[in-house]
Protein chains: 2
Amino acid sequence: MSMNNPENENRLRQLFPFLQEADSDFCRAFFDSVILAHLKTGNEVCAEGNTCTHLPLLVEGVARIYKSGETGKEITLYRIRPGESCVLTASCILSGRPFPATANVESNLTAALVPAEFVRKWIGRDSAWRAYIFSLVADRLSAIIQVVEEVVFQRLDQRVAAYLLRHGSGSPAAIHATHQEIADELGTSREVVSRLLKSFEQSGAIRLSRGQVTVIDRDYLLGVGANGL
Amino acid sequence: MSMNNPENENRLRQLFPFLQEADSDFCRAFFDSVILAHLKTGNEVCAEGNTCTHLPLLVEGVARIYKSGETGKEITLYRIRPGESCVLTASCILSGRPFPATANVESNLTAALVPAEFVRKWIGRDSAWRAYIFSLVADRLSAIIQVVEEVVFQRLDQRVAAYLLRHGSGSPAAIHATHQEIADELGTSREVVSRLLKSFEQSGAIRLSRGQVTVIDRDYLLGVGANGL
DNA sequence: ACCTGTCTGTGACAAGATCACGAATGCCGG
DNA sequence: CCGGCATTCGTGATCTTGTCACAGACAGGT
């Protein structure tokens, strides 16, 4: 079930500029071997220890790559959005190692799956393709290091405030997430998030309701860490 | 000051097998453009924000790559030993980004410095070289993710115990490091390390002296986290 | 011996993690 | 409309970790 739909081809070309720079040889082979897949919200894409057989190029939706500990605690490493792909998968394909994390669909996915074989074969033959893979690595490597930095150096109230500012949308900004989801994002526990949110609410910076946080005072959140909570 | 010493060439060939698999064209260019450098213990190799101009291939010594926060706190990301090289540098060279951490010489270094220009140019031309760079990425990517995992999911007593077991040498195993150095390794503070070590000592697992820890009861350390401290 | 800088020990307290509940909310079937 | 039922949230108790402040202990030089 390869991709024989010219409309999908154009969509991919728009989202992944390397397809415009690459040789026509490469592109022909690419569209011949790629598979278009759909996955629904909540599905697990890849579990810890899996062997990666395909590199996904996202066309639609969001996936979350995270690490989870024995106790059920989690922390998000990074997310993938349309036009992006997954370094960890690429790294696993090129090195043959097992996948060291878990990947999950956050909102309905459409992705072009590039067979591992193809990835390996063309990395030496097409420079646009190679450059794309390298940009993947560089982008995510620094993202993961930033996760380390945040976890080790930043206070949790700052990290929660930053989360709210990043994930809010609309006006007034609203975040649709349970306290547990926020905790899993930041690598902490639900109780701690609940307590911090409560204290933000008591300061008048946010309003809490089931499964949702509404930001009332952006400036307060921006200042968390500078002033004394 | 390129490398015109055949003895050094042989040393490099032994430590870096890709030089044996690579084309002779590549090897000639490689030895022409590489520079041999020596750095002494304690020197800073690369600071946060630097632009990387050379990829170091280690011949001798150890370098430590770490991240440090505003407050002076640090955490080690990974180390480089003979036969290895630095992913972050490679990634920066290929993507043009600034170096997102700090690198330091832990014990006198000898390294072959490959110019950034060379790295970029030959990554598309020689498959052995390319494979080497990719193996760098895969190795360190999982190492960094493991750092995240340890910081987020493991208790500190376990991490200190694991540190002692990893870094001990001789019999009985001795670790030459100050409490501050151990703290910097693990991303925590000296006082906390001091307290945990003290409690290990009171349990008879180790003996403390200035700048040194002697492991007396390996089994105790192995069991930390399972039993109750 | 004495000074000096580094290293270690410790008490007090704040922040974060974990455990053990119970209360509030939203939903669904009757 | 009402009574389960599952999920989400709140909270006290307790333990671990982080931070601050400061004192004592040790090693090396003069």
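Note on naming: letters A, B, ... go to the chains in the order of the sequence lines (proteins, then strands), and numbering restarts at 1 for each one. Note: hydrogens, waters and symmetry copies are ignored here, and every other heavy atom, side chains too, is used.
- Every pair passing side-chain hydrogen bond (donor to acceptor under 3.5 Å, both in side chains) that includes a residue from residues 52-65 of chain B is listed here, sequence neighbours excluded: Arg11(B)-Glu60(B), Arg64(B)-Glu74(B), Arg64(B)-Thr76(B).
- Comparing atom distances between the Thr178(A) side chain and each of dT8(D), dG16(C), dG18(D) picks out dT8(D) as nearest.
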Nucleotides 22-30 of chain D: protein proximity per nucleotide (B base, S sugar-phosphate only, - neither; heavy atom, under 4.0 Å): ---BBS---
Would you list the atom pairs, donor with acceptor, under 3.5 Å between side chains in residues 78-86 of chain B and any protein atom, with sequence neighbours excluded?
from: Tyr78(B); atom 1: OH; to: Leu88(B); atom 2: N; distance (Å): 3.3
from: Arg79(B); atom 1: NH1; to: Glu106(B); atom 2: OE1; distance (Å): 2.7
from: Arg79(B); atom 1: NH1; to: Glu106(B); atom 2: OE2; distance (Å): 2.5
from: Arg79(B); atom 1: NH2; to: Glu185(B); atom 2: OE1; distance (Å): 2.2
from: Arg79(B); atom 1: NH2; to: Glu185(B); atom 2: OE2; distance (Å): 2.5
from: Glu84(B); atom 1: OE1; to: Arg81(B); atom 2: N; distance (Å): 2.9
from: Glu84(B); atom 1: OE1; to: Arg140(B); atom 2: NH2; distance (Å): 2.7
from: Ser85(B); atom 1: OG; to: Pro56(B); atom 2: O; distance (Å): 2.5

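- Taking every side-chain heavy atom of Ser194(B) into account, dG9(C) is the closest of dG9(C), dG18(D), dT11(D).
- Aromatic ring pairs are classed by plane angle as parallel below 30°, tilted from 30° to 60° and perpendicular above 60°; the pair Phe134(B) and Phe134(A) is parallel.
- Within the structure, the ring-ring contact (aromatic ring centres under 6.0 Å, His included) test picks out the following pairs touching residues 151-170 of chain A (sequence neighbours left out): Tyr163(A)-His167(A).
- Ranking dG18(D), dG9(C), dA17(C) by closeness to the Lys198(B) side chain, first place goes to dG9(C).
- Remark: Lys73(B) engages no residue in a side chain to side chain donor-acceptor pair (under 3.5 Å) (not counting sequence neighbours).
- The side chain of Glu191(B) sits closest to dT19(D) out of dG18(D), dT19(D), dT11(D).
- In the set dT19(D), dG10(D), dA17(C), dT19(D) carries the atom at the smallest distance from any side-chain atom of Arg195(B).
- At dA17(C), one or more side-chain N or O atoms of Thr188(A) fall inside 4.0 Å of OP1 or OP2 (strictly under the cut-off).
- Thr71(B) comes within contact range of no nucleotide atom at all, as no heavy-atom separation falls under 4.0 Å.
- Shown here are the side chain to side chain donor-acceptor pair (under 3.5 Å) partners of Gln14(A), two or more places apart in sequence or in another chain: there are none.
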